[in-house]
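Working notes, beginning with the structure itself.
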Amino acid sequence: MKKIALIFIALSFFATAQAEETLYIHANTAKLMSEPSFKSDVVKILARGEAITLVEKNKKWIKIRHNNNIGWLSKLLVKNQPPLNKTSLLSNRDSDLSESSRRRASTHTTTAAARGLRQDGRVRESDTNNANFDALSEMEENKVSDHDAIEFLKLNNKL
Amino acid sequence: MNRIRAMDSLISLKNVVITLALTALTLPLVSHAEQSFRTRAHIDQQLTASTDDIKAEINFGRNIAARILGRLPLLKDEKLTRYVNLVGKSLALHSARTEIDYYFAILDSSHVNAYSAPGGYIFITTGALMQMEDEAELAAVLAHEIAHITEKHIVNTLKIKANDNSTTAGIGQILGASTNTTKAIFTQVVDKAINILFEQGYQHQDEISADSVGLELLATTGYDPMALPRYLSRLQNNLREHPDNASSTHPPTQARLTNLTAIIEADQLHTLALPKATDRFKHYVTYTK
C-alpha cells in the first residue's frame with residue numbers, strides 16, 4: 001500500500017513538472033502585477049526575453065513565477081518562444097541614435113537597395129501602380145529610437 | 001553592403017510563398033474554423049514565425065506602404081510627425097511584437113481614417129487628428145492599428161509566409177523559377193492588401209480583435225483606455241454631419257462601441273486613473289475642425 005502511495009506521489013510530481021510551461025517576455029518591459037488587474041500593485045518589472053513559468057491562466061491574464069516572485073501578467077506581453085532579434089530589411093543606421101530623424105545623404109540609396117526591387121524596377125513599379133517609394137523612404141527616416149520613446153514616456157505627459 | 005542588402009531583399013521576395021490560387025478562393029470566404037483559430041487568445045497561438053517569415057512580411061508591408069503613400073500624400077510636418085512617432089513607438093514597445101521596427105506617418109487627407117501595413121507601417125490622416133482632443137485618443141487609434149500588425153490580420157488573411165516548412169513549398173519553387181512571375185504574383189497580392197485597406201475592409205472579427213488588443217495596449221502603456229470609446233463616440237456624432245469623411249473600411253461604430261463597453265465593464269477599465277495628456281497633444285496638434 002505504501003509502495004502504491006509512493007508511486008502515485010512520484011507520478012503526480014512528474015505530471016506537475018511536465019505541465020509547467022515556460023513562456024518569454026516579448027514586450028520591452030512587462031509589469032508583474034499582484035492581482036489580475038491593471039489597478040493592482042506592481043510586484044516587479046520584467047524585461048524582454050526573460051523566461052517565466054506559467055502557473056495559471058484566466059481569460060486575459062496569466063499567473064506566473066519568476067525566481068521568487070509570483071504575480072500576474074497580461075497574456076499579450078508573452079509568447080511561448082523567446083523573442084527574435086530585431087529584424088529589418090534596412091540597415092540599423094538609426095537604431096542607436098538619440099536623434100533618429102536626422103537625414104543622411106546616402107539614405108535614399110540605402111533604402112532603394114532594400115526595397116526588394118532594383119532601382120529601375122522601382123521606377124516602373126511607381127509608374128504603373130502609383131507607389132511612392134520616395135515618401136516611404138522619408139517615412140522610414142522619421143523613425144524614432146527605442147531610447148527616445150522611453151525618454152518620452154518618462155516625461156509623464158509633460159512637454 | 002548595399003548589394004548584399006539588395007540581394008537579401010530579392011531573396012526575401014523570392015521566398016515569399018503566396019498561395020495565390022488558395023487566396024483567390026478563400027479571401028472572401030475565410031472558413032469559420034480559421035476565424036476561430038485566429039481569434040484565439042494570443043498565448044495559445046503556436047509561434048512558427050521565422051526570421052525569413054518576418055523579412056517576407058516586412059517586404060510585403062513596405063510595398064503596401066508605398067502604395068498607400070502613392071494614393072495619399074505624406075504631410076510634411078517634421079515636428080508633428082516626430083510627436084506621432086514618439087506616441088506610437090511608446091505603445092509598440094509594450095506590444096508583443098518588438099522584433100520589428102515601427103514607422104508612423106501622417107497623411108494629408110480630410111478623410112477620417114488610419115491604416116496599417118504588415119511589418120510595422122502605420123498611417124493616420126489629418127482628418128482623424130482633427131477629430132481628436134487629447135494624446136490618449138491619438139494613442140488609441142495608433143494602438144488599434146498596431147494591433148492589426150501584432151495580430152497579423154492581413155498576413156493571415158493573405159497567407160504570407162516564407163517558403164521554409166510551408167505546406168505550399170511547391171508553389172514557392174514555381175515562384176522561384178521566374179523573377180518576373182514572382183514579381184507579378186507579388187504585385188497581385190499587394191493589390192489584394194490595398195483592396196482590404198481601401199475598399200473591402202478587414203474582416204469584422206479582426207476589427208473587433210484590434211479594438212480589444214488596442215484597449216489593453218493603451219492601459220499597459222499608461223494611457224486612459226476610455227480614449228478609444230470616447231473618440232469613436234465623437235466620431236459617430238460628428239460624422240453624422242459630414243458623412244463624406246466617414247471611413248468605409250471600418251465596421252459600424254456602434255458595433256465597435258458595444259464591444260468596447262463590454263470589455264471595459266468586465267475589466268473595470270473605467271476605474272483606472274490614467275492620463276489623457278491633453279496639454280501636450282494641443283501643443284503639437286494645432287489642426288482644428
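Side chains are part of it too, since the values below use all heavy atoms of this structure and drop only hydrogens, waters and symmetry mates.
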Could you check B/Asn63, B/Leu69, B/Leu74 and say which one makes a side chain to side chain contact (heavy atoms under 4.5 Å, CB included) with A/Leu136?
B/Leu69

Which residue, A/Thr29, A/Ile150, A/Leu153, forms the side chain to side chain contact (heavy atoms under 4.5 Å, CB included) with B/Leu93?
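Single pass found, and it is A/Ile150.
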
What part of [X] gets within 4.5 angstrom of chain A, counting heavy atoms only: side chain, backbone, both, or neither?
{"X": "B/Lys276", "result": "neither"}
{"X": "B/Asp267", "result": "side chain"}
{"X": "B/Ile68", "result": "neither"}
{"X": "B/Thr278", "result": "neither"}
{"X": "B/Tyr102", "result": "backbone"}
{"X": "B/Ser212", "result": "neither"}
{"X": "B/Ser90", "result": "both"}
{"X": "B/Ile122", "result": "backbone"}
{"X": "B/Tyr223", "result": "side chain"}
{"X": "B/Val87", "result": "both"}

Proximity breakdown for A/Thr87 and chain B, heavy-atom pairs closer than 4.5 Å
both

Count the heavy-atom pairs under 4.5 Å between each of A/Lys31, A/Met139, A/Lys39 and chain B, then report the option with the highest count.
A/Met139

When rounded to the nearest 0.5 angstrom, what is the spacing between [atom1] in [X] and [atom2] in [Y]?
{"X": "A/His26", "Y": "B/Glu99", "atom1": "NE2", "atom2": "CD", "result": "8.0 Å"}
{"X": "B/Arg62", "Y": "A/Ser137", "atom1": "CZ", "atom2": "OG", "result": "6.5 Å"}
{"X": "B/Ile100", "Y": "A/Leu84", "atom1": "CD1", "atom2": "CG", "result": "11.0 Å"}

Using the six-membered ring of A/Phe152, assess whether NZ or CZ of B/Arg82 lies under 6.0 Å from its centre and within 45 degrees of the ring axis.
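Not flagged: B/Arg82 not positioned over aromatic ring of A/Phe152.
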
Answer whether the closest heavy-atom distance between the side chains of [X] and [Y] falls below 4.5 Å.
{"X": "A/Glu140", "Y": "B/Tyr121", "answer": "yes"}
{"X": "B/Thr98", "Y": "A/Arg48", "answer": "yes"}
{"X": "A/Asn142", "Y": "B/Tyr103", "answer": "no"}
{"X": "A/Asn28", "Y": "B/His94", "answer": "no"}
{"X": "A/Lys86", "Y": "B/Ile54", "answer": "no"}
{"X": "A/Asp148", "Y": "B/Lys89", "answer": "no"}

Exercise: do B/Glu216 and A/Ser74 side chains pair donor with acceptor under 3.5 Å:
yes

Neighbour count above 12 (heavy atom, 6.0 Å) for A/Asn85 CG
no

More than 12 heavy atoms of other residues, nucleotides or ligands under 6.0 Å from CG of B/Asp279: yes or no?
no

Verdict with supporting geometry, B/Val213 and A/Leu76, side-chain contact (heavy atoms from CB on, under 4.5 Å):
CA-CA 8 Å; B/Val213 173; A/Leu76 295 180; 3.9 Å; yes

Picking from [options], which has the most non-hydrogen pairs under 4.5 angstrom with chain A?
{"options": "B/Ala92, B/Pro275, B/Ala65", "answer": "B/Pro275"}
{"options": "B/Leu91, B/Thr81, B/Ile64, B/Thr271", "answer": "B/Thr271"}
{"options": "B/Leu274, B/Ile58, B/Ile194", "answer": "B/Ile58"}

Give the minimum heavy-atom separation between A/Ala131 and B/Arg67, together with the two atoms involved.
CB-CD, 3.9 Å

